[in-house]
Amino acid sequence: MLKGTFPVEKFKQLSTPFYYYDMQLLQQTLDVVKAESGKYGYHVHFAIKANANPRLLALIAKNGLGADCVSGGEVRAALDAGFPANKIVFAGVGKADWEINLGLDNDIFCFNVESLAELEVINELAAAKQKVASIALRINPEVDAHTHAKITTGMKENKFGINLSQLASVTDRLAEMKHVRLIGIHCHIGSQITDMSAFRNLTIRINEIQDDLAAKGIVVENLNFGGGLGIDYYHPNHLSIPSFDNYFAAVHSLLQLRPGQQVHFEPGRSIVAQCGTLISRVLYVKEGETKKFAILDAGFTELIRPAMYDAYHRIENISSDEPVELYDVVGPICESSDVFGKEVELNKAHRGDFLALRSAGAYGEVMASQYNCRKLPFAYYSDEL
Ligand code: LLP
């Protein structure tokens, strides 16, 4: 079976489990992002929630991208990694006062505001500092992203964003506020979206929202389409860079821009997923009555996506070329959901073999936990081993 290329000899010196990042692939991905977004002058803010590893953030910042943050901790991580404050956008339904103050003190580019209640607080906190906060309204565009229920966000019943039906009352109230300035509208419809028609539908909806706002005399300078571009979890070896060309073109082909408007995106997964792999050793091969289990030293504490979203991650035995057999690949955590895959085709596995859990660079390391008193995973980088 076709497998990724990994420095297995070097891995033998290291204790597992750990994340391994292919920094060359990350750079190639960033080159494509810059080239494709650059065709239309679009601004790209990396969604830090996908991966806050400082080495990755530093490389992404060095390539000139902005940052999309959803907490004060992420705003700090972005600033520490070298993202300029004027390229930081800050979303999140529950921003605490200290988090808003952190954004205000650093003069970040924009707060993506998710409710009228939040807007009132930003206005008050900015007034106390005699500042004017730049804000975008996060609107719930009611566009179906056709993705997993736990990662879809743009429909009406979500906790995120302001419903279309309430937009007019929010903009009316906004007009009375002296310490916030409306600079944009923002939408995010979900994650792991592979059907470009969802982004086309979003673009059409943004055109409509713009028309409604224009009828009230409101024209904003910035349009933010959020993130959500999906990746190919099944073919990490040949489709390692997502189709950023189709993604930006889907928006560009339909978007009715008004003079001077700037367009922003917040991709996370599509930038970092394929460069990251979780490397684990097989602890035991357990022969059941009807099946075999490969029991790993990594569990959902290191990669929670399969347990949490039934997500598929391709698993490769990078230590063996023996004939393929079927295994249930499981972790050591004391929970029956600690399963990475059932009936997985692996080259015959032995104690000590390295298994690679692919496409784990997004929402992998950053979602790790210490459940069962486990240690957080280490990370190694292709340019340092
Ligand atoms: N912007 C906003 C407002 C978001 O809520 C998100 C993701 C993004 C951008 C980045 O989306 P991306 O380009 O990465 O799809 N833990 C889940 C994914 C949760 C996504 C949450 N929001 C997973 O492992 O699949």
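Just the heavy atoms: all of them, side chains too, but no hydrogens, waters or symmetry mates, feed the values below. Each ligand, and each atom within it, is numbered from 1 in the order the structure gives.
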Undergrad: Angle class for the Y247/F199 ring planes (parallel below 30°, perpendicular above 60°, tilted otherwise)?
TA: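 Ring orientation of Y247 relative to F199: perpendicular.
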
Undergrad: Check the angle between the aromatic planes of F265 and F248 and answer parallel, tilted or perpendicular using the 30° and 60° thresholds.
TA: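 The rings of F265 and F248 stand perpendicular, inter-plane angle above 60°.
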
Undergrad: What part of N112, side chain from CB on, backbone N/CA/C/O, both or neither, has a heavy atom under 4.0 Å from ligand 1?
TA: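 The answer is neither.
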
Undergrad: Could you tell me whether the side chain of S253 and the main chain of A250 form a donor-acceptor pair under 3.5 Å?
TA: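 Between the backbone of A250 and the side chain of S253 there is a qualifying donor-acceptor contact (under 3.5 Å).
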
Undergrad: Between H188 and ligand 1, find which residue part has any heavy-atom pair under 4.0 Å and reply side chain, backbone, both or neither.
TA: side chain

Undergrad: State the atoms of ligand 1, each with its element, that fall below the 4.0 Å cut-off from a heavy-atom position in G268.
TA: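 Listed by number with element: 12 (P), 13 (O), 14 (O).
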
Undergrad: Record the part of A91 in heavy-atom contact with ligand 1 below 4.0 Å; permitted values are side chain, backbone, both and neither.
TA: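 Under 4.0 Å from ligand 1, A91 contributes no heavy atoms.
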
Undergrad: Donor-acceptor check, side chain of N51 to backbone of N53, threshold 3.5 angstrom: yes or no?
TA: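 Checking the backbone N and O of N53 against the side chain of N51, a donor-acceptor pair under 3.5 Å is found.
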
Undergrad: Does S359 use its side chain to pair, donor to acceptor, with the backbone of A273 at less than 3.5 Å?
TA: no

Undergrad: With a cut-off of 4.0 Å, which atoms of ligand 1 are near a heavy atom of D68?
TA: 1 (N), 9 (C)

Undergrad: What's the spacing between L223 CG and H186 NE2 if we round to 0.5 Å?
TA: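 So the CG of L223 and the NE2 of H186 are separated by 11.5 Å.
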
Undergrad: Considering only heavy atoms of A47, which atoms of ligand 1 have at least one such atom less than 4.0 Å away?
TA: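 Every atom of ligand 1 under 4.0 Å from some heavy atom of A47: 10 (C).
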
Undergrad: Which class fits the ring pair Y21 and Y381: parallel under 30°, tilted 30 to 60°, perpendicular over 60°?
TA: parallel

Undergrad: Taking it one step at a time, do D195 and S197 satisfy side-chain hydrogen bond (donor to acceptor under 3.5 Å, both in side chains)?
TA: CA-CA 5 Å; D195 176 359; S197 67; 2.8 Å; yes

Undergrad: Could you list the atoms of ligand 1 found under 4.0 angstrom from a heavy atom of P267?
TA: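 Counting atoms of ligand 1 from 1, those under 4.0 Å from P267 are 13 (O).
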
Undergrad: With heavy atoms under 4.0 Å as the rule, classify the contact between Y309 and ligand 1 as side chain, backbone, both or neither.
TA: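 Side chain only.
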
Undergrad: Pick out which of Y380, F378, F6 makes a ring pair (Phe, Tyr, Trp, His ring centres under 6.0 Å) with F18.
TA: Y380

Undergrad: Indicate, as side chain, backbone, both or neither, the part of M308 found under 4.0 angstrom from ligand 1 when only non-hydrogen atoms are considered.
TA: neither

Undergrad: Any idea which of E266, R269, E114, M367 brings a heavy atom closest to atom 9 (C) of ligand 1?
TA: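 Residue with the shortest heavy-atom distance to the ligand atom: E266.
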
Undergrad: Could you list which atoms of ligand 1 come closer than 4.0 Å to a heavy atom of G228?
TA: 11 (O), 12 (P), 13 (O), 15 (O)

Undergrad: Determine whether the side chain, the backbone, both or neither of R305 has a heavy atom under 4.0 Å from any heavy atom of ligand 1.
TA: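 For R305, the contact with ligand 1 is made by the side chain alone.
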
Undergrad: Which of the atoms of ligand 1 are close to R138, meaning less than 4.0 Å from one of its heavy atoms?
TA: 3 (C)

